[in-house]
Amino acid sequence: MVQISALDALAKSIGSNRIVRGKAITSVVGDPTLNPEDERKFRKRLVQKALEALRTPVEEPTVLA
Amino acid sequence: MTTLRVVHYLNQFFAGIGSEDKADTPPGRREGPTGPGRLLQQSLGDRAQVVTTVYCGDNHVGEKPGAVEDVVGLIGEAQPDIVIAGPAFSAGRYGLACGAVAVRARERLGVAVVTGMHPDNAAAEIYRTKVPIVPTEKTATGMAEALSVMARLALRLAAHEPLGSPRQEGYLPTGHRVFHEAARPATDRAVEMLLRKVRGERYTTEWEVPRYTLVPPAPPLRDPATAKIALVTTGGLVPTGNPDRLESGYATKWLRYSIKGVSELPPERWQSVHGGFDTTLINLDPHRVVPLDVARELEREGAIGSLFDELFTTTGNTSVIPDIRRFAREMTQAFKVAGVEGVILTST
């Protein structure tokens, strides 16, 4: 499992093992400052990162860049 | 003053029936106190009388559907004011039975309930938010001390006296917050605590840092392009109108909604009921919390083998850890059944 969370440090401290940092609490996989097309690209990149995290070996709670 | 009626719940061992070979014993009752019930009677003094002992074998109560209801039925026949279960010390099945019997006895009979067990008993984590649990030693060497605290708490509860803090009264923290006015402001108390810490003196925290169980990381997925991937959120996303009444905080459940053949989550159809942050942005575009649109795109492009047909959702706000842990167990079970290999969890 990979967790996308804006509070990546908190996710790490409670022991979530694969973490990708999201944009904001109120918009974790979106960015309302972008136009709809760019926001969708931004979200796609986040999900691609999450998929990459799923195939990455980790030993302990890790925030994957 | 009338004497309060007490029913004491025990397992087969403490009821003197036998040990593991008698763990299938069905529920039964005896008049008056049995075994540790005599010590309990001493602690209760003349304010309350142990009128009945109800017992059940550890395996029977854990395995037979309806066994807890049968136990509570027997307890109800004695018309108690108070039900005391255990203590169970570090015995797992007995602890679970004590917790379940105490919860159901209070629900069905409206009586005061108290149980006791070692804080590391798995049942303590499950039931501490629901019923008063007195922390005990790991073994029956702590019987007298445990029963004395359990008796005192039960008498207080039966008299409808509010309990003080867990530390003052001697029960496990329940996770409930009780507001009160402190004599000195928080800044003064914090500075004093810090100074005590610096000087190496004793100090007592006002807010324990919870200890979380660490889960070993799952091995990596070989290739998401051939795997079935599920989307899960703690962002409280539900169909508009919240037909299944997901809570905005203190969630007691998680929900599953079909997203079979669905590529978009339009704001007319979906909303967040999360009560812990401003949900305006999500309610304008639900993909900001569940990235279904781009996940479908990645599925079409072959980066995701297939997306699981259902969205699992709950509210991660002021959550009670044992409940959340149950959600995780239940979701994992559902994923295993469905052959899901990877999960993308979005949390706010």
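Below, read A as the first sequence line, B as the second, and so on, with proteins coming before strands; counting in each chain starts at 1.
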| said: With a 4.5 angstrom heavy-atom cut-off, is it the side chain or the backbone of B:Pro219 that approaches chain A, or both, or neither? | reply: backbone
| request: Identify which part of B:Leu284 has an atom lying under 4.5 Å from any heavy atom of chain A, answering side chain, backbone, both or neither. | output: neither
| task | Report yes if some heavy atom in the side chain of B:Thr348 is under 4.5 Å from a heavy atom in the side chain of A:Thr26; otherwise report no. | result | no
| task | Please state whether the side chain, the backbone, both or neither of B:Ser347 comes within less than 4.5 Å of a heavy atom of chain A. | result | both
| task | Start with the C-alpha distance between A:Val28 and B:Ile282, add both sets of side-chain angles, then the distance that settles side chain to side chain contact (heavy atoms under 4.5 Å, CB included), and finish with yes or no. | result | CA-CA 9 Å; A:Val28 67; B:Ile282 289 174; over 6 Å; no
| message | If you define the side chain from C-beta out and look only at heavy atoms, does anything of A:Val29 sit under 4.5 Å from B:His287? | response | no
| Per-residue contact mode, B:Ile344 against chain A (heavy atom under 4.5 angstrom) | both
| So which of B:Ala230, B:Pro216, B:Ala218 has the biggest tally of heavy-atom pairs under 4.5 Å with chain A? | B:Ala218
| Engaged part of B:Val232 at the chain A interface, taking heavy atoms whose separation is under 4.5 Å | neither
| Given the options B:Asp223, B:Thr279, B:Ile229, B:Asp293, which has more heavy-atom pairs under 4.5 Å with chain A than any of the others? | B:Asp293
| note | Applying a strict 4.5 Å limit to non-hydrogen atoms, the region of A:Ser5 in contact with chain B is both
| request: State, yes or no, whether a side-chain contact exists between A:Glu60 and B:Pro217 at a heavy-atom distance under 4.5 Å. | output: no
| When only pairs under 4.5 Å are counted, which of A:Ala50, A:Ser27, A:Ala6, A:Gly22 shares the most heavy-atom pairs with chain B? | A:Ser27
| said: Do A:Arg43 and B:Arg288 have side chains that approach each other closer than 4.5 Å (heavy atoms only, starting at C-beta)? | reply: yes
| task | Hey, could you give me the CZ/CG distance between A:Arg18 and B:Leu221, rounded to the nearest 0.5 Å? | result | 8.0 Å
| request: State, with a plain yes or no, whether a side-chain heavy atom of B:Glu301 is found less than 4.5 Å away from one of A:Lys44. | output: yes
| Heavy-atom contact with chain A under 4.5 Å, split by part of B:Leu214 | side chain
| field | A:Ile25 side chain near B:Asp278 side chain, heavy-atom distance below 4.5 Å | value | no
| query | Would you say B:Val343 and A:Val2 make side-chain contact, with heavy atoms under 4.5 Å? | reply | no
| Taking the side chain as C-beta and beyond, is there a heavy-atom pair between A:Leu51 and B:Ile304 under 4.5 Å? | yes
